[in-house]
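Below is one structure; the comments refer to it alone.
Each ligand, and each atom within it, is numbered from 1 in the order the structure gives.
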Amino acid sequence: MSVMSVLVLNGPNLSRLGKREPEVYGYRTLDDINRELVESFPELSFEFFQSEDEGALLEKLFHIEDKGGYSGVVLNAGALTHYSVALRDAISAISTPVVEVHLSNIYAREEFRHKSVISAVCVGVISGFGANSYHLGVRALLGIASTGHA
Ligand code: DQA
């Protein structure tokens with residue numbers, strides 16, 4: 001059986017985890033979160049990518065789609081979640097499944113965070129479990145890979 005590959009994609013400001021509003025996002029850095037994913041899922045092959053730039057995220061999605069072999073993407077789009085139609089269109093344009101994740105519970109925060117423009121084109125949404133949201137996102141992709149549906 002071939003090794004399942006997962007892209008963990010993080011958008012703007014997530015490079016600042018650990019220092020950024022720790023009361024909201026916790027004290028773990030993005031490197032800590034990524035390391036813990038590798039430790040928790042040793043059977044998977046991970047690729048990690050973070051950018052402050054919307055275009056770089058789109059290009060990454062197209063790159064892995066064209067390369068093939070990825071079972072899915074765990075995406076924390078940061079603030080782009082709430083307004084990026086370009087990101088939504090990119091997710092729609094690929095067939096690789098994308099799970100939307102958030103550290104915080106976006107529905108328990110400011111009203112402008114209650115709306116996600118990407119949820120409808122993602123296979124599902126996980127929000128509010130801190131770093132564990134990423135782990136749950138990976139588990140969701142494992143389920144899709146084994147059953148063929150979300
Ligand atoms: C976030 C929630 C977003 O509203 C915010 O802009 C972020 C992080 C989260 O992980 O909780 O940057 O996606």
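- The aromatic rings of Y107 and H114 lie tilted to each other, with the angle between the two planes from 30° to 60°.
- Residues meeting the salt bridge (charged side-chain N to carboxylate O under 4.0 Å, His left out) test with R88, sequence neighbours left out: none.
- The shortest heavy-atom contact between A56 and F49 is O-CE2, 3.8 Å.
- For E36, the salt bridge (charged side-chain N to carboxylate O under 4.0 Å, His left out) partners at least two apart in sequence or on another chain are R28.
- Of the N and O atoms on the side chains of Y25 and N13, not one donor lies less than 3.5 Å from an acceptor on the other residue.
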Tabulation required: pairs of a nitrogen or oxygen in ligand 1 and a protein nitrogen or oxygen under 3.5 Å; columns are atom names and distance to 0.1 Å; otherwise 'none'.
{"residue": "ligand 1", "atom": "4 (O)", "partner": "H82", "partner atom": "NE2", "Å": "2.7"}
{"residue": "ligand 1", "atom": "4 (O)", "partner": "R113", "partner atom": "NH1", "Å": "2.9"}
{"residue": "ligand 1", "atom": "6 (O)", "partner": "A79", "partner atom": "N", "Å": "3.1"}
{"residue": "ligand 1", "atom": "6 (O)", "partner": "R113", "partner atom": "NH1", "Å": "3.1"}
{"residue": "ligand 1", "atom": "10 (O)", "partner": "N76", "partner atom": "ND2", "Å": "2.8"}
{"residue": "ligand 1", "atom": "10 (O)", "partner": "L103", "partner atom": "N", "Å": "2.8"}
{"residue": "ligand 1", "atom": "11 (O)", "partner": "L103", "partner atom": "N", "Å": "3.3"}
{"residue": "ligand 1", "atom": "11 (O)", "partner": "S104", "partner atom": "N", "Å": "2.9"}
{"residue": "ligand 1", "atom": "11 (O)", "partner": "S104", "partner atom": "OG", "Å": "2.5"}
{"residue": "ligand 1", "atom": "12 (O)", "partner": "R20", "partner atom": "NH1", "Å": "3.2"}
{"residue": "ligand 1", "atom": "12 (O)", "partner": "R20", "partner atom": "NH2", "Å": "3.1"}
{"residue": "ligand 1", "atom": "13 (O)", "partner": "N76", "partner atom": "OD1", "Å": "2.8"}
{"residue": "ligand 1", "atom": "13 (O)", "partner": "H102", "partner atom": "ND1", "Å": "2.8"}

Which atom pairs, one a donor and one an acceptor, fall under 3.5 Å between side chains of residues 140-150 and the rest of the protein, sequence neighbours left out?
{"residue": "S146", "atom": "OG", "partner": "L142", "partner atom": "O", "Å": "3.4"}
{"residue": "S146", "atom": "OG", "partner": "G143", "partner atom": "O", "Å": "3.2"}
{"residue": "T147", "atom": "OG1", "partner": "G143", "partner atom": "O", "Å": "2.8"}
{"residue": "T147", "atom": "OG1", "partner": "H149", "partner atom": "N", "Å": "3.2"}
{"residue": "T147", "atom": "OG1", "partner": "H149", "partner atom": "O", "Å": "2.8"}

